[in-house]
Amino acid sequence: GNEGQQAANVSDFSISQFRYLQRLLLVHGRWNYRRICKVITYTFYKNFCITLTLLYFAASAGFSGTSLYDSWVYTSYNIYTMLPICAVGCLDQDVRSKTVEMFPALYLTGRLGLDLNPRIIFQYILLGIVHSLIVVFWPYFSYFGLDQVGLGGLWVWGTLIFSCLVFTVQYRVMLITITWTEVTAYTLTISFLMFFLFLLVYGVWYSLSWEFYFVPYQMFESAIYWVLLFGVPATALYFDFVVMWISREFFPTVSDFAMEVDYMLNKERKDELMSKIINEVQNQLEGATEMEQKYVENLRDIELKELEAAGTDANEHKGFAFSYPADIQERVHRRMATKYFTTEDDTKQTISSSEEKKVPEAKSEEIKLQTLSEKSPDMALRVREEEKLQKNRPLDESTWRGRFLQQKLPRLQKPLTPCATVAILLSVGFTFILVGSFVFVGSQQARYQMIQYEGSSSAYRQFGYSVSSQDCSLPATRNQTSRTCNVTFNIEEDMDSPVYLHYGLSGFYQNYQTYQADKDYRQLDGSSASATSYCSYYTSNDDGETILPCGLEANSMFNDTYTILSPSSLSMSQTDIAWKVDREKRFNNPSGFPGICSDSFQCLSETYPDIISESDGVKSERFMIWMRTAALSTFMKRYGRIDTDLKKGDEIVVQIKAQFVVEPFEGSKAIILTTDSWIGGRN
């Protein structure tokens, strides 16, 4: 038997009898095949989705290598999406075990490779393409609404898309889950909580990421974030429901039929279940006397054989009212009473007493086994084998652990019927109409007027903006350093304060990797004035002075200036337009500022004398806003704030001093007046 024992030790599965093979293959083998196929295809799908979102963004960033997501956020993706699919891979059952045993032909699902083949992989490729497009383009069309309220930066927009992606792939897990148990619900809840907890903790961990600091908190304050967080996954899965229902209704598989049969069989059983249980319990109680008698007789035979094997006289009795030893009677009645008539208090008391006698009984049993092995080795061997069998018996299903390991947890399972599909689609569609109506009204409440004053074509019309044109171009061929001209806003609708003045740029790739990464955060937060190791450009001037701050982004700031000429009573403020956390935490001048500017440093006031004062330095709010890297090549950024209501028919004259040249990269410039609403800006 050594060869068989070694073979069992090294095998994946070992069975003691061939009759177990049928259930192992038909039930557990089929379940495991379908589960692992779901895990493989879902893992491929979710990783394909996130890769495609990066690919789409790479096209808008000139394929420069800029990541749409923060590195820590991107790394955490598989952590959130791991738990729910693990629950599916462990517990999902498309049909119950009894149904599989009734229809052994269902095992052909694995033999024929119906759940994992090139056609299935191709379907998941198409699914990943569709979902990734929805995940990226819905936030894309809301970008200028976010930009208008100062939330259009790369990390805000990237984290918004990442949130929509996580929820979409999590909803996909919910869609492919057939067996809903408490474990499935717990893993989904935990994964969602982990996602938000990570963003909240990482968002205030300043030492890990200077750029991502407080991004989630600003993002959570925006209503459009929560609208997209619902709308994007719901849109993606809306089509999934339609496709899944069409597939099951018109092109059903064997497994689809099996799930319907299983559901109907189980539904019919439920009506009869209580009566069967009651009848079974009554039969057990009515036959208790007969069962007890048989139980006693069996125990008596076993006891007599043991006594004979041990050389003990069977006629030695402890009582005289029975023809068998008295201790057998006591054991029988104790077992039968425990089985049928033990109360909860009695059970607790029995457990307590057994725990108190645990050690002596164990020693006593060991002594008995030693004595028995000395007198009858064969009988001792059979006793030990019986103990092993008792240990290897299936776990008690009355406990949660037993039900979990036996895969018999309470569950909710219902196939996707036409009625359920129609109800779900109508509910989601009605919710879309309701939420969409609020969003549309909120978007229309956000006022705007835009004047493009340089550039041959407008990049803003593709987002639904109405743009007027007035020329204030600064051609590079004229060798001009600046040009001054006036533009006039004829207010078409009432605009309640605060009214924000923005500048718009198109064709300018702030998101280009070389450009956006060329900065040293230690100079920007004031921890070190001379730290330039992270900068590749603009580290020092011709005189050898260190440029403070260094880098491409800080030294290519938009430097057109706007001045309101008419009406003369209208004033514009340039305070409280940047994020509060930028003003108080992220941007600080280094020690010794501004005295160090005249010694060995070229400060911002020398680089941009018209727009940044010597006392401001990196604390200039216009500079802070510029350093919030835009996610797209067409963007707007706040310039100032007007704290006076503008009425329909008012005429606002703004003087523009154009200094920022856009002709070499075929860009355009615009000046924009906006007001905000509860949804943010116009989108």
How about W205: does its CH2 atom have over 12 heavy atoms from other parts shown lying under 6.0 Å from it? no

Flag the pair L425 / W245 as yes when at least one side-chain heavy-atom distance between them is below 4.5 Å, and no otherwise. no

Give, for atom OG1 of T235 and atom CH2 of W138, the distance between the pair rounded to the nearest 0.5 Å. 6.0 Å

Does any non-hydrogen side-chain atom of L26 lie less than 4.5 Å from one of E101? no

If you round to the nearest 0.5 Å, how far is CG of N117 from SG of C37? 9.0 Å

Nearest heavy-atom pair of G681 and S443: which atoms, and what distance? O-OG, 4.2 Å

Does a side chain donor of either S255 or T253 reach within less than 3.5 Å of an acceptor in the other side chain? no

Verdict with reasoning, Y124 to F44, per ring-ring contact (aromatic ring centres under 6.0 Å, His included): CA-CA 8 Å; Y124 271 90; F44 171 79; 7.6 Å; no

So do the side chains of D147 and L151 get within less than 4.5 Å of each other, counting heavy atoms only? no

Side chains of W400 and E182: donor-acceptor distance under 3.5 Å anywhere? yes

Measure from the side-chain N and O atoms of R403 to the backbone N and O of K408, and report whether any donor-acceptor pair falls under 3.5 Å. no

Side-chain donor-acceptor contacts of residues 104-114 below 3.5 Å, not counting sequence neighbours, with atom names and distances?
from	atom 1	to	atom 2	distance (Å)
T109	OG1	L106	O	2.9

In this structure, are over 12 heavy atoms from other groups packed under 6.0 Å from Y217 atom OH? yes

Can you check whether L199 reaches F162 side chain to side chain, under 4.5 Å on heavy atoms? no

In this structure, is the centre-to-centre distance between the rings of F192 and Y80 below 6.0 Å? no

Quick one: closest heavy-atom pair of M219 and V156, and the distance? SD-O, 3.8 Å

Indicate whether any N or O donor in one side chain lies under 3.5 Å from an N or O acceptor in the other, for Y225 and S163. yes

Within 6.0 Å of CD in Q22, more than 12 heavy atoms from elsewhere: no

My understanding is that only one of L434, V428, V435 makes a side chain to side chain contact (heavy atoms under 4.5 Å, CB included) with T431; could you say which? V435

With a cut-off of 6.0 Å (strictly less than), are more than 12 heavy atoms of other residues, nucleotides or ligands near CZ of F438? no

Does a side-chain N-to-carboxylate-O contact under 4.0 Å join D115 and K38? no

Taken to the nearest 0.5 Å, the spacing of F212 CZ from S71 OG works out to 10.0 Å

Decide yes or no for W157 and Y140: does some side-chain heavy atom of the first lie under 4.5 Å from some side-chain heavy atom of the second? yes

Any donor-acceptor pair under 3.5 Å linking the side chain of S132 with the backbone of L52? no

Check whether the side chains of R411 and Q93 place a donor and an acceptor atom closer than 3.5 Å, and report yes or no. yes

Output, in order, the C-alpha distance, side-chain angles, deciding distance and verdict of ring-ring contact (aromatic ring centres under 6.0 Å, His included) for W155 and Y69. CA-CA 7 Å; W155 306 121; Y69 313 121; 9.4 Å; no

Is there a donor-acceptor pair under 3.5 Å between the side chain of D262 and the backbone N or O of T99? no

Suppose we screen for side-chain hydrogen bond (donor to acceptor under 3.5 Å, both in side chains). Which residues come up paired with S60, at least two apart in sequence or across chains? none

Quick check on W678: does its CH2 atom have over 12 non-hydrogen neighbours (other residues, nucleotides or ligands) under 6.0 Å away? yes

Can you list the steps and then say if D94 with R30 is a salt bridge (charged side-chain N to carboxylate O under 4.0 Å, His left out)? CA-CA 10 Å; D94 58 337; R30 183 180 178 279; 2.8 Å; yes

Distance col, row L68:CG vs L160:CG, nearest 0.5 angstrom, shows 9.5 Å

How about W180 and L188: do any of their side-chain heavy atoms sit closer than 4.5 Å? yes

Backbone N/O of P139 and side chain of S142: donor-acceptor pair under 3.5 Å: yes

At what distance, to the nearest 0.5 angstrom, does CD1 of I161 lie from OG1 of T168? 11.5 Å

Where at least one partner belongs to residues 39-48, residue pairs that pass side chain to side chain donor-acceptor pair (under 3.5 Å), sequence neighbours excluded: Y45-H131, K46-N78, K46-T81

If I take atom CG from residue L405 and atom OG1 from residue T399, how far apart are they, to the nearest 0.5 angstrom? 8.0 Å

What I want to find out is whether D240 reaches R172 closely enough, with some N-O distance under 4.0 Å, to be called a salt bridge. yes

